[in-house]
Structure formats: structure tokens, C-alpha cells
Amino acid sequence: MPQPVHVSHFGHGPRQVLALHCTIAHSGAWKGLTRILGDEARFTAPDMLSHGRSPDWDGQGCFQDRILENAQACLDRRMDVIGHSFGATVALRLAVEQPELVRSLTLIEPVFFAVACRDAPDLIEQHGQDAQPYMSALESGDKALAARLFNRMWSTADSPRWPDLPEATRAAMIRGIHIVPTVDEALFKDTAGLLAPGQLDRATMPVLLLRGALTHPVMQAISKGLVRRLPDATEEVIAGAGHMLPISHPAETAAHIRALWSRAG
């Protein structure tokens, strides 16, 4: 049986939206976006295991599979699905495995590194070098340092510095940081088989690939690679934004999502 997770709800509009947050965040990360889109949609936003108000992951099975199970439990009708970072990789699996329930798909900075492994191995190598500091900290057991370095890698120069973040935010990041290396098989080796011939063709709904102009270079390769592989996908780039664009640039993010919803009907 899946571990039960906490689910937040935001907004009161007629559209039904499933929103899946990124690693070391929580469902509250969608508040800025939902303040803008709340009159148009009702957001269902689960907290991943080991994140937010959900229990700690029990360590059983593949973490991505477990989060997928929780997301599927929320996808009880046809919905617009939005995912950010790791959450976007789960959203993509929903679109491939249950396309009849996904009206539209928004993938914000999906960390599906297997695409770049095929298309841009040089950028995967750069990512590995950039990730080494936080991976080394994790291997040494220093979760606080690992969370700080991971946050720095995926932040822009004008993002709040670690000491300036609220203590509760730092604690939440430290709590979830151990998840990062456990999903390498799913993200780098595509253990779900999404890149197998014909699989992505199943995701026939309108898809938006959204990324920040200042994000890690590997994200451009992933985004463009998915646009080429998905039947009905477009890409948009938000100037001045990095990886955390739903939080840092909610208005611009909302505008692009509105346009996708209009196209999806």
C-alpha cells in the first residue's frame, strides 16, 4: 500500500489542476502561482514523501515510482498537470501512462537527465562536475552542507543566500536532501523506459516546456530534446529566471500556463 501523503488545495476556479513540486520544496511552493491563477483553477498539490507535511519515505522501492503512485491517487479525473524539476519527471510519466486523464502538461525545468545523456553528453559531464560538491557532502554525512550546496547550484546570483533563508525553509531542505541521489537511476538511466520507441508518442496532449534563461545549461538540452520527441510540445524561456522560476517569476509562469490552457481547451 502507498504511504499516505499530505495534499494541499489552492484556488477555487473551474479547472482542475494537479501540481507536483520539486525536490527539497513542498506544496507551498505553488502559492505564488496559485494566487494569480486561483480564480481560474483549483490546484491539488501533494507533498512528496520526506517533504512538507508528508511522512518520511520508508525507503522501499523506487522513489519516483512511489511519488508516481501518490500523484495517480490525486489524478481521479481529467486534469491539467504541472510539474517542476523532479516533479516534472513524475508529471511526464503520468502523461505517458495515463494520457486520457491529462488535458495539458506543463513541464517546468524537468530534470530528466537521460535526454541530455543522449543529446548532450558534454553538458551531462558539466552537470556532474557542478554536482560533485553537494554529492561529496552527502557521502560524508553532512546533510546541512549538502542542502546548502544543492540550493546554491540551482539558484541564481540574486537568490536569497542560505543564511538569509528562514530556519524552517533550511530545515525542510536538509530533511529532503537525501532523496537526491536515490533518484539517479530514474533520472539518468530512464528506468521507467520513457525514451523507448513510441512511449513519448502516447503523450498527445498539448505540452509546455518552460525554463529559465539563467538555469543550468543542461536544462536547455533536456527541454529542447523533449520538444523534439513529444507530439505537441512548445518551449518558452523566461528572461532573468533560473531553475526556481515558479517561485521567483510567478506572473510570467502563469502567463505561459494560461496560454497553454487556452490551447488545450
Side-chain angles (χ1 to χ4, degrees), residues 8 10-11 17-41 43 45-48 51-52 80-91 105-113 127 130-131 134 146-177 179-180 208-224 226 234-261:
S8 297
F10 306 102
V17 178
L18 175 61
L20 306 174
H21 68 79
C22 67
T23 311
I24 71 170
H26 53 80
S27 56
W30 298 111
K31 285 183 178 178
L33 188 66
T34 59
R35 275 194 288 268
I36 299 168
L37 296 174
D39 289 339
E40 302 164 48
F43 285 71
D47 284 331
M48 292 195 298
H51 293 72
D80 298 280
V81 178
I82 303 172
H84 176 215
S85 194
F86 175 75
T89 71
V90 178
L105 178 66
T106 300
L107 302 177
I108 304 173
E109 297 261 330
V111 287
F112 189 17
F113 297 113
H127 170 272
D130 294 340
Y134 76 74
R148 181 174 186 164
L149 294 173
F150 181 84
N151 181 65
R152 179 188 300 170
M153 176 179 169
W154 291 105
S155 298
T156 54
D158 58 351
S159 299
R161 295 175 59 83
W162 180 264
D164 299 326
L165 294 172
E167 183 177 351
T169 300
R170 296 197 303 267
M173 291 180 175
I174 294 167
R175 177 191 176 206
I177 192 63
I179 296 298
V180 174
L208 169 65
L209 272 296
L210 191 59
R211 62 182 172 88
L214 304 181
T215 191
H216 193 282
V218 75
M219 296 311 306
Q220 179 176 342
I222 296 170
S223 181
K224 290 188 177 300
L226 286 173
T234 58
E235 181 191 41
E236 298 292 345
V237 182
I238 295 181
H243 186 67
M244 301 305 294
L245 57 94
I247 297 173
S248 64
H249 292 69
E252 296 90 334
T253 300
H256 289 301
I257 290 174
R258 272 201 191 103
L260 175 71
W261 288 353

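Bear in mind the structure is a predicted one, so any value in this text is a computation, not a measurement.
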Enquirer: Can you see which heavy atom on M244 is nearest to which on W154, and at what distance?
Expert: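 Minimum heavy-atom contact is CG-O, 4.1 Å.
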Enquirer: Under 3.5 Å, is there a donor-acceptor pair between the side chain of R211 and the main chain of E236?
Expert: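 Looks like no, no N/O pair under 3.5 Å.
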Enquirer: Would a 4.5 Å heavy-atom cut-off, applied to side chains only, mark F86 and M48 as touching?
Expert: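 A side-chain contact under 4.5 Å exists here.
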Enquirer: Just wondering, do W162 and D164 contact through their side chains at under 4.5 Å, heavy atoms?
Expert: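 No, side chains not in contact.
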Enquirer: Do the side chain of D47 and the main chain of S27 share a donor and acceptor less than 3.5 angstrom apart?
Expert: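 Yes.
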Enquirer: Looking at every heavy atom in both I36 and A254, which two are closest together, and how far apart are they?
Expert: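 Heavy atoms of I36 and A254 come nearest at CG2-CB, 3.7 Å.
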Enquirer: Give a yes or no on whether a salt bridge exists between E40 and R258, defined as a side-chain N under 4.0 angstrom from a carboxylate O.
Expert: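 Yes, charged N to carboxylate O under 4.0 Å.
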Enquirer: Applying side chain to side chain contact (heavy atoms under 4.5 Å, CB included) to H84 and W30, what does each step give before you reach the verdict?
Expert: CA-CA 10 Å; H84 176 215; W30 298 111; 3.9 Å; yes
Enquirer: When the aromatic ring centroids of H216 and H243 are compared, is their separation below 6.0 Å?
Expert: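 Ring-ring flag for H216/H243: false, centres at least 6.0 Å apart.
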Enquirer: Does any N or O in the side chain of S223 come within less than 3.5 Å of the main-chain N or O of M219, such that one atom is a donor and the other an acceptor?
Expert: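 Checked: no pair found.
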Enquirer: Minimum heavy-atom separation for R175 and G52, please, with both atom names.
Expert: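 So the two residues come closest at NH1-O, 2.9 Å.
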Enquirer: Considering only heavy atoms from C-beta outward, does the side chain of P46 approach that of L20 to under 4.5 Å?
Expert: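 P46 reaches L20 side chain to side chain.
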Enquirer: How far apart are the C-alpha atoms of T234 and L208, what are their side-chain angles, what is the distance that settles it, and do they pass the side chain to side chain contact (heavy atoms under 4.5 Å, CB included) test?
Expert: CA-CA 5 Å; T234 58; L208 169 65; 4.2 Å; yes
Enquirer: Is there a side-chain contact between I82 and I108, using heavy atoms and a 4.5 Å cut-off?
Expert: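 When only atoms from C-beta onward are counted, I108 and I82 do touch, with a gap below 4.5 Å.
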Enquirer: Which heavy-atom pair separates V17 from A41 by the least distance, and what is that distance?
Expert: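 Shortest heavy-atom separation between V17 and A41 comes out as CG2-CB, 3.7 Å.
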Enquirer: Within the distance-only criterion (no hydrogens, no angle test), does the side chain of E235 pair as donor or acceptor with the backbone N or O of L210 below 3.5 angstrom?
Expert: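 Absent.
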Enquirer: Any donor and acceptor pair, going by atom type alone, linking the side chain of T215 with main-chain N or O of G212 inside 3.5 Å?
Expert: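 No.
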Enquirer: How far does CG of N151 sit from CD1 of I174, to the nearest 0.5 angstrom?
Expert: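 These two atoms lie 10.5 Å from each other.
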Enquirer: Donor-acceptor pair, distance only, cut-off 3.5 Å: does the side chain of S159 make one with the backbone of S155?
Expert: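 No: the side chain of S159 does not pair with the backbone of S155.
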Enquirer: If I compare all heavy atoms of P160 with all of L165, which pair ends up nearest, and what's the gap?
Expert: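 The answer is CB-CD2, 3.8 Å.
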Enquirer: If I take atom CE from residue M173 and atom OG1 from residue T23, how far apart are they, to the nearest 0.5 angstrom?
Expert: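 Reported value, rounded in 0.5 Å steps: 11.5 Å.
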Enquirer: Testing the basics here: between L107 and P110, what is the closest heavy-atom pair and its distance to 0.1 Å?
Expert: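 So the minimum-distance heavy-atom pair works out to O-CD, 3.9 Å.
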Enquirer: Decide side chain to side chain contact (heavy atoms under 4.5 Å, CB included) for I238 and T253; before the verdict, give the C-alpha distance in whole Å, the side-chain angles of both, and the deciding distance to 0.1 Å.
Expert: CA-CA 8 Å; I238 295 181; T253 300; 3.7 Å; yes
Enquirer: Tell me if the aromatic rings of F10 and F43 count as close, with their centers under 6.0 Å from one another.
Expert: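 So the answer is no for these two rings.
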Enquirer: Within a strict 4.5 Å, meaning less than it, do heavy atoms of the I257 and D80 side chains meet?
Expert: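 Counting from C-beta outward, I257 and D80 never come under 4.5 Å.
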Enquirer: Evaluate side chain to side chain contact (heavy atoms under 4.5 Å, CB included) for V81 paired with T106, printing each intermediate quantity in order.
Expert: CA-CA 6 Å; V81 178; T106 300; over 6 Å; no
Enquirer: Aromatic ring centroids of H51 and H21 under 6.0 Å?
Expert: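 Centroid distance H51-H21: below 6.0 Å, so yes.
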